There are 2 protein chains.
Amino acid sequence: MTDTVPAPGRSRSGPSIADVAQLAGVSSQTVSRVSTGADNVRPATRERVLAAMEQLGYSPNHAARALRYGSFGTIGVIAHRLARTGESRTVEAVVEAARAEGYTVSLVDVQSPSSDDVTAAAARLSHQSIDGLVIIRAETATPASLAVPPRMPVVVSDSRFVGHHPAVAADQVTGTHLAVQHLLDLGHRTVHHLAGPADSAPAEIRVDTWREHLVGSARVVPAVVRGDWSARSGYEQGRLLAADPDVTAVFCANDEMAAGLVRALYEQGRRVPDDISVVGFDDIPLTEFLWPPLTTVQQDFHLIGSRLVDLLLRQIRDRETLTDSRIVVPTRLVVRASTAAPRA
Amino acid sequence: MTDTVPAPGRSRSGPSIADVAQLAGVSSQTVSRVSTGADNVRPATRERVLAAMEQLGYSPNHAARALRYGSFGTIGVIAHRLARTGESRTVEAVVEAARAEGYTVSLVDVQSPSSDDVTAAAARLSHQSIDGLVIIRAETATPASLAVPPRMPVVVSDSRFVGHHPAVAADQVTGTHLAVQHLLDLGHRTVHHLAGPADSAPAEIRVDTWREHLVGSARVVPAVVRGDWSARSGYEQGRLLAADPDVTAVFCANDEMAAGLVRALYEQGRRVPDDISVVGFDDIPLTEFLWPPLTTVQQDFHLIGSRLVDLLLRQIRDRETLTDSRIVVPTRLVVRASTAAPRA
DNA sequence: CCGCCGGATGTTGACGTCAACATCGACCGG
DNA sequence: CCGGTCGATGTTGACGTCAACATCCGGCGG
């Protein structure tokens, strides 16, 4: 519970309400009334106060207001690797939606997705400096182990937290089914899978759904190939997959890895989609301009972000308790040129 | 100066220091001592207080501390289009560096890069809820017009603010010279430029430097072609450029546009680099895995982010006044396979 | 002409924390 | 055995704001 505080920033705080009051020749309460927009102030007085504010460059002290109101007008966001496509787009949407509702966003980027790190980040953020918490993709954290302060509204973008915290998640299951079925429909006997890291929940959902779909369709289930979301890892695994003549279709857990994979396949003389079909996941903006344009599963990160804020604000403002609510954001398959019927 | 505050979040604030004090049978000051890590508390007492904290789930009220200390331990970040590569990586680095120094980050994403929007965002953030402000790429904002509260430490990632605010910027000038010279060295008679939007300062710097370099080398200066940073715009402009037989080398203001451009060139039957050489800017992670791997100018966004925090904290902590300080972060040319000598 | 009423403005206290100062008690040296 | 001293703990007030209540004033009805 001990805690350090940055160097006491003494005295950089600007003029206070009292300074304005003195200059305007009114009481501080009148200044307060003007600054909160109360209507029972005589126009002439209001003018005088506004002029004084202007002259002094006054702006209300947020800390004092927060103390008084018990609310910061701020929501905390915990993300893992912020610069990654899905994360940054989700965060962008959260920031936008939050602003539209009059809230600012405090951001923490945890180094590792472990429960401990997330919990520590939550604690750091929480000390009442935020009104609620958005946790974006709490990878390995298992539902029970995620400790957030009591009474802190939380929303998680991870469907596994259903029953523990309200959640918003893309419909990865349907997206994966669509991708695999698309490849089977084209005539491929089975589909290989280039997965994300095993400590990622979305990666695991995609693996499980892919396997399930193949089993349900009575197809051979090839060994899972693992990448780490990066294009480089896709490239490396692609070099290996290229050597396997049985591979005719690969479903990749994200577009970056798919791009690396495609590149490796070409270098090994395997054409896409002539020799091997490739499907990605996410539909990042570049996907359409890769060669060949990538067939992929589109996720609406923007919608996820705004739904997260919706759900969080319902808890914050309306005191709703939503532990088991869950919003699923649809995904869809975007067919481009990286998939085709197998050769023979 | 009037201002609204989100619904008075009454009573969600947890137990206070007084509750802990009562439970532990000590005064609130002793609790305060324990929570700030003062050493003059008897171990047995400390234990009792910690136990009470644990039992009540106490955590210090950040608003009260902020009020007391006059500091929030928070820095504000204003970014324009957060999901864009450079922005998200810079923000990630800022968040990371800030955390290492014990600060959290409050994020605002402005819709338009206009001065007004940035100024409004600064005002929103500033109400003393932050100790300093990082403005990432204040596109059209001209130096004089950027109004931030008096005494608010500010740092800008835009070299044009030198003399107004401390700035950290990538060395775009050198990067551009390197790119253009590389193409000239390969034997191209001149270099076309696919620029970013005219309201972007970095885009304009690249345009100016490109033009200057061509003039200095006594080359023909082709008309500038404009995109909007997106791959799609690169694709669209690429279709036009492909029709011009004089085009043998294109310097693109970012990698996304370069990717779209390359795709369009291929579709029109122009090979890269055989028929046309292409250079990008940024070195985003996918660049290396495009086909062909893109020659590009690398910017170290991570370094920019941490330098921004350095510079800001020097102002916040040490009360330094740094209006005219400027840090230039080097860029370098990464030569891959998208550039070659012209055909004839 | 007096008292009442309502709108404008002022005064007080509380939000939670912590620094400064006050107090209390035990132990030590003379 | 007593005064002194120092470490542990308690008390007070202030940070800036705003709600609740108090006050003051002019105008209007009786």
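Computed from a predicted model, the values in this text were never measured in an experiment. Quick note on labels: first sequence line is chain A, next is B, and so on, each numbered from 1. Just so it is clear, the values below take in all heavy atoms, side chains as well, and ignore hydrogens, waters and symmetry mates.
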| Considering only side-chain heavy atoms of B:Ser16, which listed nucleotide, C:dG16, C:dC18, D:dT17, is closest? | C:dG16
| Taking DNA chain D as the partner, which of residues 22-32 of chain B come within under 4.0 angstrom of it by heavy atom? | B:Val26, B:Ser27, B:Gln29, B:Thr30
| task | Round to the nearest Å and state the distance from B:Phe72 atom CZ to D:dC15 atom P. | result | 17 Å
| said: Taking only side-chain N and O atoms of A:Tyr58, does any of them lie within less than 4.0 angstrom of OP1 or OP2 on D:dG16? | reply: no
| note | Taking for A:Val41 and for B:Leu67 the nucleotide of DNA chain C with the nearest heavy atom, the one nearer the 5' end belongs to A:Val41
| field | Set of salt bridge (charged side-chain N to carboxylate O under 4.0 Å, His left out) partners for A:Arg81, sequence neighbours left out | value | B:Glu92
| task | Could you check B:Asn40 against B:Ala64 and say which one's nearest nucleotide on DNA chain D is further toward the 5' end? | result | B:Asn40
| Partner of A:Ile75 under side-chain contact (heavy atoms from CB on, under 4.5 Å), chosen from A:Leu312, A:Val155, A:Val95, A:Leu308 | A:Leu312
| request: Whole angstrom is fine here: how far is it from CG in B:Asn61 over to P in D:dG16? | output: 17 Å
| query | Pairs in or reaching into residues 303-316 of chain A: which pass salt bridge (charged side-chain N to carboxylate O under 4.0 Å, His left out), with residues at least two apart or in two chains? | reply | A:Arg307-A:Asp310, A:Arg314-A:Glu320
| task | Starting from C1' on C:dC15, measure out to NE2 on B:His62 and report it in whole angstrom. | result | 16 Å
| In whole angstrom, what separates B:Glu47's CD from D:dA8's P? | 15 Å
Write down the protein N/O and nucleotide N/O pairs, taken from nucleotides 25-27 of chain D, whose separation is under 3.5 Å; answer none if there are no such pairs.
none

| Just checking, any donor-acceptor pair under 3.5 angstrom between side chains of B:Thr30 and B:Arg48? | no
| Could you give the CG-to-C1' distance, from B:Asp39 to D:dC6, as a whole number of Å? | 14 Å
| field | Pairs meeting criterion salt bridge (charged side-chain N to carboxylate O under 4.0 Å, His left out) with involvement of residues 19-37 of chain B, two or more places apart | value | none
| field | Relative orientation of the end axes in the helix from C:dC1-D:dG30 to C:dG30-D:dC1, expressed as an angle to the nearest 10° (five pairs per end) | value | 60°
| query | What's the OH-P distance between A:Tyr69 and D:dA20, to the nearest Å? | reply | 11 Å
| query | Hey, which of A:Thr74, A:Ile130, A:Asp131 is the one that makes side-chain contact (heavy atoms from CB on, under 4.5 Å) with A:Tyr103? | reply | A:Asp131
| field | Nearest-neighbour nucleotide for the A:Arg68 side chain, C:dC18, C:dG13, D:dT9 considered | value | C:dG13
